[in-house]
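The basis for the numbers below is simple: all heavy atoms, side chains too, and nothing from hydrogens, waters or symmetry mates.
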Amino acid sequence: MERPVPGGLRGEKEEEEEEVERVLVSEHSWRPCPTARRRVQGCLEWVKRQLFRVGEDWYFLFILGVLMATISFTMDIIVTRLYLAHMWLYREIGDIGVLKYLSWTLYPMALAAFSTGFSQSITPCSGGSGIPELKTILMGVVLEDYLAIQNFGAKVVGLTCTLVCGSTVFLGKVGPYVHLSAMAAAYLGKMRTTVTREYENKFKQHEMLVAAQAVGVATVFGAPISGVLFSIEVMSPHFAVRDYWRGFFAATCGAFMFRILAVFNSEQETIAAVFKSDLKIDFPFDLLETFFFLILGIICGIVACAYLFCQRWMMVAVKKNRVTAKLLDTDKPVYTVLVVLLLASITFPPGLGQFMASRLTMKEHLISLFDNRTWGLLAPNASGVAKPGGLWQEWDHPSATIYGTLTFFLLMKFWMLILATTLPLPAGYFMPIFIYGAAIGRLIGEVVALLFPWGLHSEGSPRPIIPAGYALAGAAAFSGSVTHAVSTALLVCEATGQLGHILPTVLAVLVANAISQKNQPSFYDAGIIVKKLPYLPPIRSRHIASYRVMVEEFMERRVVALAKGDGFQEVLVALDTSADAEYPVVESTGSPTLVGTVNRSQLVAFLQSHEHPQAPQGEKLATVGTLGDDCTIEPIMLQFSPWTSLHQAYHLFQLLKLQRVFVTRSGELVGAVSRAELRRAIEELANPK
């Protein structure tokens, strides 16, 4: 039986119904042709289904490649215009030494200070290259706010200002651009979940990040194949083959778009290499020159070890020094200004900069070092008038030969590059070491050409020495030994369009890597070590004794465990004793057979819903229950034996991105292994100092 409604309430109800009808009529009047709109929506849904029949990954990877290529090309145009403005100001200011010095130093100081202040004010994650943190994320460790989209704009603006500083600071864009690609991929992954109306999948996010790291390299060098291989070597110790096509597709789209934009901008007539050279490929090198390429690889490996050791020492020293540590904590722009002032003063062209070709940009440095001509033969006949393609003349000084300028460049840039890596601004460090290696190879090639002016020949007529081939091998060998990558041999060939020296280049890269990998961690692993990121170091030792290290030697034996029959008091003690995210559950106190795990959040909910044994009768929340009855116990998917080797545990942690694994003997819980214990075992047992 319905209850009667008072007259006043009935009137209000009728008024509300009339108001709703008026609103519906109003909305309907503003949306005409409902039948046509339904047909259009149906067509759009059909198009969406047809497009996604081949998989939505293709479209998002295409968008990722094209987007990052467009941003990279736009950034290069802005950097070129601002750098030309700096050079115009330097030339137009006249011959007044003080004004020329101020114009040379103040411009990069202001840009570097703005880069540091702007990026650090938005997010501290925008400083540095970003590859060490990305390696950590790809290993399954969550770093908060590192891939946030607000970090994207800060890194783009800061990196642009850093690159405008040019050869003064001598920093590149590869590392930060890989970081930018990862942020764009993470954002596109969220957009995909919105479009496809699916739940966010961590595996899908990981696949997009793997493709993004290849796009970052490919859109800088225009080299899709080596971009994929280099990203795998540097950032993925275990790579899933199913992600191979994603990296190649996205990198190819990015590299093609990057090069085609140069054609549209009238920079080139057709798609060509970024650092195009004109090496002779009919007879690139004689067989006897293989010995000198071997010597070049040894030199690059030794210099790389010295560079890695000094760079890691400098990073630690800057943090321990009281003055620099205070500046980096409170006044980062001030520290940046002081370092850039020192570097700019040294590279001032009328000063020491005239012996270092400091007026050249980083791209012009590479183009000049890859010059097909032999500088030792051109220098005696060089005139003071600049010739087309005469960038090599920047290396020829009247009071010093080209051998002296190259040697001085290598000596000065060694510590200047190390000092520049301490700057807290967005910057890449691959291009500087790439140019440094090219300078090493150029010097070796010029010396060989001086020692053998008529060339070397195993049979037939002698062939002249081509120093540019040594520059190619040196760039690949030094950069590969610093980053512990072999794909730099292919990278230098793709970037220059030359394949004639691929075999001696690979030989030099392998020799240099054999030396550096035996003695020093890679450049990016050193950053992980200095920053103390939660990342497993590689096992460098291959001695048979390292394979005999077992889990029982380094596992954590004191593990806080719960029994299925435990109640309020036992759970409370366990939560107070340990802050673990999950706890092992055994059959009973007398039988420590491992049956599963329970999350900390469930244990907290268990305490909130149950009564304390000593609580007053009026404050009871629920009847007394046990852990096994009221909590969901997750089954154990993987467990170690005490006799599992360190190498096996290490590879399982990397492959499955594990955080913690329990150790059982005959099913009974005896310990646990986390990343902390595994890292300590690698450092103390497998990699003894």
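A donor-acceptor pair under 3.5 Å is formed between the side chain of Ser522 and the backbone N or O of Asp525. Within the 3.5 Å criterion, the main-chain N or O of Gly254 finds no donor-acceptor partner in the side chain of Thr219. Side-chain atoms of Thr505 never come within 3.5 Å of backbone atoms of Ala489 as a donor-acceptor pair (strictly under, hydrogens ignored). Side-chain N or O atoms of Ser358 include one that pairs as donor or acceptor with a backbone N or O of Thr347 at under 3.5 Å.
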Could you go through residues 169-182 and list every donor-acceptor pair under 3.5 Å that involves a side-chain atom there, pairing it with any protein atom two or more places apart or in another chain?
residue	atom	partner	partner atom	Å
Lys173	NZ	Ser72	OG	2.9
Lys173	NZ	Asp76	OD1	3.0
Tyr177	OH	Met68	O	2.2
Tyr177	OH	Ser72	N	2.7
His179	ND1	Lys155	NZ	2.9
His179	NE2	Tyr146	O	3.2
Ser181	OG	Tyr177	O	3.0

Let me have the donor-acceptor pairs involving side chains of residues 439-452, under 3.5 Å, with sequence neighbours excluded, atom names and distances please.
residue	atom	partner	partner atom	Å
Arg442	NE	Glu446	OE2	3.1
Arg442	NH1	Leu369	O	3.0
Arg442	NH1	Asp371	O	2.7
Arg442	NH2	Arg373	O	2.5
Arg442	NH2	Glu446	OE2	2.9
Glu446	OE1	Gly376	N	3.2
Glu446	OE2	Trp375	N	3.0

For residues 304-312, please give each side-chain donor-acceptor pair under 3.5 Å, one per line with the distance, not counting sequence neighbours.
residue	atom	partner	partner atom	Å
Arg312	NH1	Gln520	OE1	3.0
Arg312	NH2	Gln520	OE1	3.1

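Applying the salt bridge (charged side-chain N to carboxylate O under 4.0 Å, His left out) rule to pairs touching residues 400-416 yields nothing, sequence neighbours excluded. The stretch residues 464-485 participates, sequence neighbours left out, in these ring pair (Phe, Tyr, Trp, His ring centres under 6.0 Å) pairs: Phe293-Tyr470, Tyr436-Phe478. For residues 468-479, no residue pair satisfies the salt bridge (charged side-chain N to carboxylate O under 4.0 Å, His left out) rule, not counting sequence neighbours.
Aromatic ring orientation, Trp245 versus Phe249: tilted (interplanar angle from 30° to 60°).
Using a 4.5 Å cut-off on side-chain heavy atoms (C-beta onward), Ile131 and Lys135 make contact. Here the side chains of Pro467 and Thr374 are in contact, with some heavy-atom distance below 4.5 Å. Side-chain contact check for Leu533 versus Pro132: some heavy-atom pair is nearer than 4.5 Å. Leu342 has its side chain within reach of Leu419: a pair of non-hydrogen atoms, C-beta onward, lies under 4.5 Å apart.
Taking Phe348 as the reference, Tyr90, Lys100, Tyr101, Trp104, Pro350 meet the side-chain contact (heavy atoms from CB on, under 4.5 Å) condition, with sequence neighbours excluded. Taking the salt bridge (charged side-chain N to carboxylate O under 4.0 Å, His left out) definition, one finds that Glu394 meets it with Arg359, sequence neighbours left out. With sequence neighbours excluded, the residues that form a side-chain contact (heavy atoms from CB on, under 4.5 Å) with Ala214 are Val228, Ser231, Ala251. Not a single side-chain contact (heavy atoms from CB on, under 4.5 Å) links Leu503 to another residue, sequence neighbours left out. In terms of the side-chain contact (heavy atoms from CB on, under 4.5 Å) criterion, residue partners of Val79 (sequence neighbours excluded) are, by chain and number, Met75, Thr160, Leu163, Val164. Listed by chain and number, the residues in a side chain to side chain donor-acceptor pair (under 3.5 Å) with Ser226 are Glu494 (sequence neighbours excluded).
The only option from His647, Gln648, Gln654 that meets the side-chain hydrogen bond (donor to acceptor under 3.5 Å, both in side chains) definition with Tyr650 turns out to be Gln654. Under the ring-ring contact (aromatic ring centres under 6.0 Å, His included) test applied with His365, the options Phe370, Trp395, Phe434 reduce to a single match, Trp395.
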**Study point:** Audit row: Phe430, Tyr524, ring-ring contact (aromatic ring centres under 6.0 Å, His included) steps and yes/no
**Key:** CA-CA 10 Å; Phe430 181 80; Tyr524 302 115; 8.1 Å; no
